[in-house]
Amino acid sequence: MEHSQVNPETLRAEPVDLSSARAQIARKVAQAAESKTPLRLIGGGTHASLAASSSGEPLDLSGLSGVIAYEPSELVITVGAATPLAAVQAELAAQQQMLAFEPLLGAGRSTVGGGVAAQRGGPRRWLAGAVRDHVLGLRLIDGQGQELNFGGQVIKNVAGFDVTRLQAGAWGSLGVITEVSFKVLPMPQQERTLQFEMKQAQAIQEINRWAGKPLPLSGSSWDQGVLRVRLSGVSAAIELACQTMGGERLPERAAHYHWESLRERSHPFFDAGGALWRLSLPPTIAPLDLPGATLWEWGGGQRWLRSEAPADFIRKQVAAWGGHAFLMHGPDTSAPIFHPLSPVLRSLHLNLKKTFDPFGIMNPGTPDFF
């Protein structure tokens, strides 16, 4: 999604009513559907470079900002889709709560709708779950301008078909997300980061062994021969885990910077130039025989690769291990950004697209397997 001016400071303490903003957007979408005019959703702009097409009439969503409802005792917050995630995090932090999937904040520009649409989780997503696991419900305007409401605002509401999960990772291709209800969790009492010098293969074995034990793990990464593991929880559990695991304690400031740099993709690894790949693999898979530099997170489940190898070669190797490869950026502009789908999966995605967006006007060409 492209950038519109959204101020993180505009999150209001009083609940807001976004019904008029939703109605205005619904009218615009209905008019676009009638004239078959493609629409390009404009949010915080943090994921704009990953959109396969820049065509379409801009649809500004910045009016969909603010807290609609927040019940700290119920562990639920409902917010407008254009609300900056940084503002949501600040609102929750005041109550010692958080979005457990640790979203990308994008210097205050990343919005709720964009975060859900791109399903971008940070280091804590490894064990806390993906974005979709924390979305209780949402409102959507489909490709015909119809307002739809899915899920609920309480954790126990599990009735009906889980359409909310379809929107997480759909990149705005199935409609305009207008508001989202999140499950939130208490912030941990304490955090500590341990680091270990070890080769990549050993690090994968060790982190997966620890993941099978009752340890308060909340983040893991490996690069340049160093495995780092974050522990979160109550003090007693962290102390016991440190005694069990050993390693060297990383100073608190350095640890904060490290996990923030992974969440925000500001780690030096991401600025080294060349093609950057995000590989999703079963975490127990040994290091792949691919040329280039590697950094991994999520116990080995998310692996970042900087490589000049051809796109087809990388994707073939990754697919052989049951994974997929997403091209974040690179010199080969002809290579697909999204991993190509099998015929069966592509047919399924096209049917979903046709159901929610029969005229194909929502974010045309994104994802690029449509």
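Residue pairs satisfying the salt bridge (Lys or Arg N to Asp or Glu O under 4.0 Å) criterion with at least one member in residues 275-303, sequence neighbours excluded, are listed as follows: R265-E297. Identified under the salt bridge (Lys or Arg N to Asp or Glu O under 4.0 Å) test for residues 335-344, with sequence neighbours left out: none. Sequence neighbours left out, not one pair with a member in residues 317-330 passes salt bridge (Lys or Arg N to Asp or Glu O under 4.0 Å). Contacts classified as salt bridge (Lys or Arg N to Asp or Glu O under 4.0 Å) and involving residues 235-248 (residues at least two apart or in different chains) are given here: R192-E239.
Remark: the Y70 side chain and the Q97 side chain contain an N/O donor-acceptor pair separated by less than 3.5 Å. Remark: the T193 side chain and the W259 side chain contain an N/O donor-acceptor pair separated by less than 3.5 Å. Side-chain contact annotation: S235 with Q189, donor-acceptor N/O pair under 3.5 Å present. Side-chain atoms of T37 and E57 form no donor-acceptor pair, as typed in the model, at a separation below 3.5 Å.
Legend: residues meeting salt bridge (charged side-chain N to carboxylate O under 4.0 Å, His left out) with E197, ordered by chain and number and at least two apart, are absent. With sequence neighbours left out, R125 forms a salt bridge (charged side-chain N to carboxylate O under 4.0 Å, His left out) with no residue at all. A search for salt bridge (charged side-chain N to carboxylate O under 4.0 Å, His left out) contacts involving E102 returns R124, R230, not counting sequence neighbours. Here F196 pairs with W210 under the ring pair (Phe, Tyr, Trp, His ring centres under 6.0 Å) rule; sequence neighbours left out. Annotation: ring pair (Phe, Tyr, Trp, His ring centres under 6.0 Å) contacts of H134 (sequence neighbours excluded): F101. Partners of D142 under the salt bridge (charged side-chain N to carboxylate O under 4.0 Å, His left out) rule, at least two apart in sequence or in another chain, do not exist in this structure. A search for ring pair (Phe, Tyr, Trp, His ring centres under 6.0 Å) contacts involving W321 returns nothing, not counting sequence neighbours. Residues satisfying the ring pair (Phe, Tyr, Trp, His ring centres under 6.0 Å) criterion with W304, sequence neighbours excluded, are F270.
Hydrophobic clustering (ILVMFWY, side-chain heavy atoms < 4.5 Å, transitive): L99 and L105 are in one cluster.
A salt bridge links R228 to D223: one of the charged nitrogens lies within less than 4.0 Å of a carboxylate oxygen.
The shortest non-hydrogen separation linking L61 to A82 is O-CB, 3.0 Å.
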